[in-house]
Amino acid sequence: MATPNNTGISHSLFILLGIPGLEDQHTWISLPFLIFYLVAVLGNSLLVFIVITERSLHEPMYLFLCMLAVADLILSTTTVPKALAIFWFHAGEISLDGCVTQIFFIHATFIAESGILLAMAFDRYVAICDPLHYTTALSHAVIMRVGLAVVLRSFSVILPDVFLVKRLPFCRSNVLPHTYCEHMAVAKLACADIRVNVWYGLSVLLSTVVLDAFLILVSYTLILNAVFRLPSRGAWQKALGTCGSHFGVISMFYLPGIFTIITQRFGHHVPLHTHILLANVCMLSPPMLNPVIYGVKTRQIREHVVSTLSSQWKFC
């Protein structure tokens, strides 16, 4: 139950409602959440295991894919277990510190995924447009530095969010109509000026995810320009095949987010539960679909997955 309004008290406990308006359907809604989460955990864990254990996969594309799988595991584990607790046990209580921690990991991991996708686009660009310098441009040392830069960027730009939220007094409602804590959703409950939160959040979005998406678009424009200059149709198909999986993953990451932003900005008559469901699609789709897409589209990974599962089956 929400704490009564009291301007002298700042809430230290919040209540996550889940999906408002669909409370009687929470049990049924939890089933796809559970299935998506299990697929995400099993698929990404298997992907990480295969890339780490198979030396033949210690190449830039697969190492970046391993980073993406780790980010997917963090993103899904940060959001889904709490949502399932709300759906099954009505356990929507979350402390302010817990809420801020969830905000940090959700946003930092989302930005990290965007950075990894940009690195993977650069990998495809070098592989197709400058193959002679591929091994030098993307050595293991370079990949390690890129991974460290992705992590440092995501942590450094999101860390101020922690202090921006913690400084706010929450003396209005403590009820969040959502399945997880999101920066602006929490900030809107504050009884203080939140313009700094709004503008900082917008600047982070523009300088990270939007900039990454633009650079990925530029890289694929250059890639396509190079591909269509190749002498044979077979070369075209091979080059495009190497980019197909990555392009599918990019689409699953950016398109739901773009659709959600458009709906939130212009869909004033769209029910609240639709906004919440779309936000969860953004969190659930990439972790679930990334290993599936790469497992189906990438021959080397597909073969190693089959080999690993077959050996485990024989052992059992």
> Quick check: are there more than 12 heavy atoms from other residues, nucleotides or ligands sitting under 6.0 Å from OH of Tyr134?
Replying inline: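 For Tyr134, atom OH is crowded (more than 12 foreign heavy atoms under 6.0 Å).
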
Counting only N and O atoms by type, is there a donor-acceptor contact under 3.5 Å from the side chain of [X] to the main-chain atoms of [Y]?
X: Ser45; Y: Leu42; answer: no
X: Ser114; Y: Phe110; answer: no
X: Ser10; Y: Cys171; answer: no
X: Ser285; Y: Cys282; answer: no
X: Glu23; Y: Gly21; answer: yes

[atom2] on [Y] to [atom1] on [X], rounded to 0.5 Å:
X: Leu277; Y: Ile19; atom1: CG; atom2: CD1; answer: 4.0 Å
X: Lys188; Y: Arg172; atom1: NZ; atom2: CZ; answer: 12.5 Å
X: Leu47; Y: Ile52; atom1: CG; atom2: CD1; answer: 10.0 Å
X: Cys66; Y: Phe49; atom1: SG; atom2: CZ; answer: 12.0 Å
X: Leu272; Y: Leu22; atom1: CG; atom2: CG; answer: 9.5 Å
X: Leu17; Y: His178; atom1: CG; atom2: NE2; answer: 11.0 Å

Quick check: do [X] and [Y] have side-chain heavy atoms less than 4.5 Å from each other?
X: Asn280; Y: Tyr180; answer: yes
X: Leu168; Y: Leu164; answer: no
X: His273; Y: Ile29; answer: no
X: Cys99; Y: Val186; answer: yes
X: Glu113; Y: Asn290; answer: yes
X: Ile94; Y: Cys181; answer: yes
X: Leu215; Y: Phe122; answer: no
X: Leu75; Y: Met283; answer: yes

> Under the 4.5 Å side-chain heavy-atom rule for ILVMFWY, direct or indirect, which residues accompany Leu148?
Replying inline: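 Members alongside Leu148: Leu152.
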
> If you group Ile, Leu, Val, Met, Phe, Trp and Tyr whenever their side-chain heavy atoms sit less than 4.5 Å apart, what else falls in with Leu31?
Replying inline: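 Joined to Leu31, directly or through intermediates: Trp28.
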
If Ile, Leu, Val, Met, Phe, Trp and Tyr residues are connected whenever their side-chain heavy atoms lie under 4.5 Å apart, and connections chain through other members, are [X] and [Y] in the same group?
X: Leu222; Y: Leu138; value: yes
X: Met144; Y: Leu118; value: no
X: Phe253; Y: Leu205; value: yes
X: Leu159; Y: Val198; value: yes
X: Leu132; Y: Ile128; value: no

>> side-chain contact (heavy atoms from CB on, under 4.5 Å) for Met120 and Ile116? Distances and angles first, verdict last.
In response: CA-CA 6 Å; Met120 294 172 76; Ile116 295 168; 4.0 Å; yes

Which heavy atom in [X] sits nearest to a heavy atom in [Y], and how many Å separate them?
X: Thr179; Y: Leu16; answer: O-CD1, 3.9 Å
X: Met184; Y: Asn197; answer: SD-O, 4.0 Å
X: Val157; Y: Ile111; answer: CG2-CD1, 3.8 Å
X: Ala40; Y: Ser76; answer: CB-OG, 4.3 Å
X: Thr109; Y: Ala71; answer: CG2-O, 3.1 Å
X: Ala185; Y: Leu176; answer: O-CD2, 3.6 Å

> side-chain contact (heavy atoms from CB on, under 4.5 Å) between His107 and Glu182: does it pass, once the steps are laid out?
Replying inline: CA-CA 8 Å; His107 289 31; Glu182 194 272 329; 3.8 Å; yes

>> Walk me through whether Leu68 and Asp72 qualify under side-chain contact (heavy atoms from CB on, under 4.5 Å).
In response: CA-CA 6 Å; Leu68 187 67; Asp72 282 336; 4.1 Å; yes

>> Under a plain distance cut-off of 3.5 Å, with no hydrogens placed, do Asp130 and Tyr125 share a side-chain donor-acceptor pair?
In response: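 Side-chain D/A pair, Tyr125 to Asp130: absent.
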
> Does the side-chain contact (heavy atoms from CB on, under 4.5 Å) test come out yes or no for Met288 and Ile35, once each step is laid out?
Replying inline: CA-CA 9 Å; Met288 181 195 69; Ile35 293 170; 6.0 Å; no

If the test is side chain to side chain contact (heavy atoms under 4.5 Å, CB included), which one of [options] qualifies with [X]?
X: Phe104; options: Thr78, Val162, Val165; result: Val162
X: Ile216; options: Leu117, Thr221, Leu211; result: Leu117
X: His11; options: Leu189, Asn174, Val175; result: Asn174

>> Under the rule for salt bridge (charged side-chain N to carboxylate O under 4.0 Å, His left out), what residues qualify as partners of Asp212, not counting sequence neighbours?
In response: Arg153

>> Among residues at least two apart in sequence or on other chains, which ones pass salt bridge (charged side-chain N to carboxylate O under 4.0 Å, His left out) with Asp97?
In response: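 Lys166.
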
> Residues two or more places apart in sequence or in another chain: which of them pass ring-ring contact (aromatic ring centres under 6.0 Å, His included) with Phe36?
Replying inline: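 Once residues adjacent in sequence are excluded, Phe36 has no partner under the ring-ring contact (aromatic ring centres under 6.0 Å, His included) criterion.
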
>> Listing request: all ring-ring contact (aromatic ring centres under 6.0 Å, His included) pairs with a residue in residues 57-89, at least two apart in sequence or in separate chains.
In response: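 Passing the test, one end in residues 57-89: His26-Phe87, Phe33-Phe87.
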
